[in-house]
Amino acid sequence: MDVSSETTAPKFPFPFPPYPIQEQFMSELYHVLEARKVGIFESPTGTGKSLSLICGSLSWLRDFEEKKRQEELLALSVGDSENNENQGTDNTTSATASSAEPDWITQFLHKKEEMDIKNKIKEDQIQRKKKEERLEQMRHNIQLKFASKRKREEEDETMRLLQLSRQMLSGGGDGMDLEHGEEELVLAEYESDEDTKKQPEFDEEEDLEEEHVTKIYYCSRTHSQLSQFVHELQKSPFGKETRMVSLGSRQNACVNDEVRRLGTMQLINDRCMEMQKKKHEKKTEEPAGKKKRESRLTCPYYSYEQMQFLRDEILVEVKDIEQLVVRAKEVKACPYYASRFAIPAAQLVVLPYQMLLHDSTRRASGIKLKDQVVIIDEAHNLIDTITGIHSSQVTGTQLCQAHSQLAQYMERYRSRLKAKNLMYIKQILFLLEKFVGALGGSVKQNPNFQKIPQDGTTLKSINDFLFYSQVDNINLFKVQRYCVRSMISRKLFGFMEKFQGLEVGIPIKENQKPGGFQQFLQNLNQKGQAGAAEILDERSEIGQPRIASPLMQIEGLLSALTNANQDGRVIIQLQGTVAQSSLKFLMLNPAVHFAEVLKECRSIIIAGGTMQPVSDFKQQLLISAGLSPDRIVEFSCGHVIPPENILPIVLCSGPTNQQLEFTYQKRDLPEMMDETGRILVNLCNVIPGGLVCFFPSYDYQKLILDHWEKTGQLKRLAAKKKIFQEPKKANQVEQVLSEYSRCIKISSQSAGHLTGALLLSVVGGKMSEGINFSDDLGRCVVMVGMPYPNIRSPELQEKMAYLDKTVPKTSGVSAGRALLENLCMKSVNQSIGRAIRHRGDYASIVLLDHRYSRPAILSKLPQWIRNSTEIKPTFGPAFASIRKFFQMKKANSTLTS
């Protein structure tokens, strides 16, 4: 702990007597918030981190609000007493100083300023009282619900009658050459290139709670983690009195089935925005004979009154996003917008990383960070998250598809598009053509059949890439703004959805030869459906939803290219064909996007179960963003488990005294793989239950397993523990874990030859994060070697070079070299932290590589592991310690049972 404070933190409300480390955590958190500092907090899983964050931060907020009220009352009482004293001297002053006009004016202005401050305080008190009364009314006036329901039913009936009336009054077709429903695919007139003030979302009435109270924004990585946090809040002493709102993306919060069916986030966002745009257009009478598709114009859940009603319910009772969606369906209101309306009055806002860390998303969500508190939980991947949000990649296939689709769109609607729309579409087509040219291809040919003469990777600065692509004369800021405002990607998707369905070609006129995308699809069909499926669903292997419209992905690249020249690099990856090649923007300086969050907030807490090594956070995110080092506080608490429940060992050599050094040059040697097998065979003889072994990569895991199978070591391992392997496909993880768990349970209940199971996993894979190997599922975790990232990666080399230029050396070590070690140790810490998950748990951790014994490496282990780590130069003493450790645990278990 680095911070000390003269003031002592209060006794924190807690649902049960807290552990000493929880009290230390909350006390330190309280002082960091009070001192307006930035804290990096590490609290291992199983130590009640979420509950400590809740009780510590909300205790501070409670005291902060109370102190503010007391200060206001004091200011009012002082102001009244000063006025009474000054009343007796006003006449004397004006008589004796009638000739001194400047003094009289100065005194008048001084009194006026005091009155203004006093009036402002009174006004704030009145507003606060109104809010409190309104919240109290919302809690008790149940009749509001029934009145709102009746009102909603009346509105529904009115809408049905109105739609029926329009259908009866509307004539036939509109006399155009467009097919039914095609009208909405045409781009509206683009009126301005300039940044105009955003029009208000609603004009029906003003929100009564515009002023943002002091609040805490709590962020985490996934919606399941956020829901878990909300459930902890519900069980805490603050569960009833806290005004909390859960924010989520439209993909998670939308209750309109028609919109949800679109699947991808970008399509859902665009369709929702399109519906709101239609809702807020001026209600003018439609020309005679004009007919529109009512079902796609507006959203039935986008009712201002119902959303205000739902907003009130949100502030009265703590709900997670799933509970909010269920309630929203009942009251027929949009939870996405209702939750946004609740932000100003909320004391606690729960939201995913991306919503807070991405500037435009933050503004669109109505989040204001000025003088607020931000808690970023599960923050071990924070740098990667910010980098990923602001990086982008597009393939040659996507570029060619987008060019062909957009060209056909322009040809079909050319006569109906205004000049400015045509100008921007032509600019986008020009950009796409030049980007494909940068990959060595042409948009006039099928990218699948355009061979690349030589594979390779080239990195360029943003400016160099724009010159190289010959697009430096295009204003990318205007093009990117046009894409966002015109929603051209949404229009283009609707166009392709209507006419082509991703498989059927767009109808072509007589005497017109098939070209562009039609020819592209025909070629794909001729070559077989497998090729088409591979291109049209190229991202499915990594578990991400396919972008239905390639232009949506390309918009991300255009946005990335508007970053400052020094903050990123463009990577031109040439591989096989133009279709397989890609353009990637790599964000090198995540601090530039985190700087605004730091600048605005009162205080930021970066928390996680494993935050070591913290130097990356300090240098790359905080100090690089301009934060003074004296504002940074580091806090790492121990584990709730007793020290005797963990046995971390650094093993320097194996049973035959072969030194363990899994460098890239040595790890493939037969003697190194043999020694690893011998170690595992010995460990399986004495370790009960489950043993999880992490390898540095899938390739090395396969290599060593093939070797063991040839030498017979795999058979010897299987004689003691049933062997499981981490699957490469995410949808198979649950099945493997279930079988692994069942095998361990059966082994513990029977007296057979099997002592449990061995799970072979990969660092950075699906088992190294988010999976809990508690109790018998993980009695031992073995780390084979040090999982350094691939030094040959052009992206990593560029990142290292960037850090060497911008970040000073630490203890004689360059920033690039420190990055390598930190990336390695972050992966190690995440993997070995899978075992100990609660107070009564116990496990051994075995690090197979003599390099772990170096002080610089040991210092980057979590404190609760580092303090107990034993360095064993030879295998014999290490094996004896492990055997004794588990014999004692077995004896203690027998005694307690």
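Numbering starts at 1 and runs along the sequence shown. We use all heavy atoms of the structure for the numbers below, so side chains are in, but hydrogens, waters and symmetry mates are not.
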Q) Thinking salt bridges, do E644 and K889 make one under a 4.0 Å N-O criterion? A) no
Q. For residues D384 and T387, is any side-chain donor paired with an opposing acceptor at under 3.5 Å?
A. no
(Q) Against the six-membered ring of F617, is K826 placed for a cation-pi contact (under 6.0 Å from the centre, within 45° of the normal)? (A) yes
Q) So, T755 and K721: side-chain donor and acceptor under 3.5 Å apart, yes or no? A) yes
Q: State whether the number of non-hydrogen atoms from other residues, nucleotides or ligands found under 6.0 Å of Q749 atom CD is greater than 12.
A: yes
Q: For the pair K49 and D377, find out whether any cationic side-chain nitrogen is under 4.0 Å from an anionic carboxylate oxygen.
A: yes
Q: Tell me yes or no: between the side chains of E66 and Q70, is some donor less than 3.5 Å from an acceptor?
A: yes
Q: Indicate yes or no: does K319 engage E317 in a salt bridge with an N to O separation below 4.0 Å.
A: yes
**Q.** Ionic contact status for E870 with K872, cut-off 4.0 Å
**A.** yes
(Q) Both conditions, 6.0 Å and 45 degrees, for the charged tip of R779 above the ring of Y842: are they met here? (A) yes
Q. Is the shortest distance from a Lys or Arg side-chain nitrogen in R362 or E596 to a carboxylate oxygen in the other one below 4.0 Å?
A. yes
Q | Donor + acceptor pair across side chains of S615, N822 (<3.5 Å) | A | yes
**Q.** Pair H390 and H358, ring centroids less than 6.0 Å apart
**A.** yes
(Q) side chain to side chain contact (heavy atoms under 4.5 Å, CB included) for I623 and I632? Distances and angles first, verdict last. (A) CA-CA 9 Å; I623 295 174; I632 303 172; 4.0 Å; yes
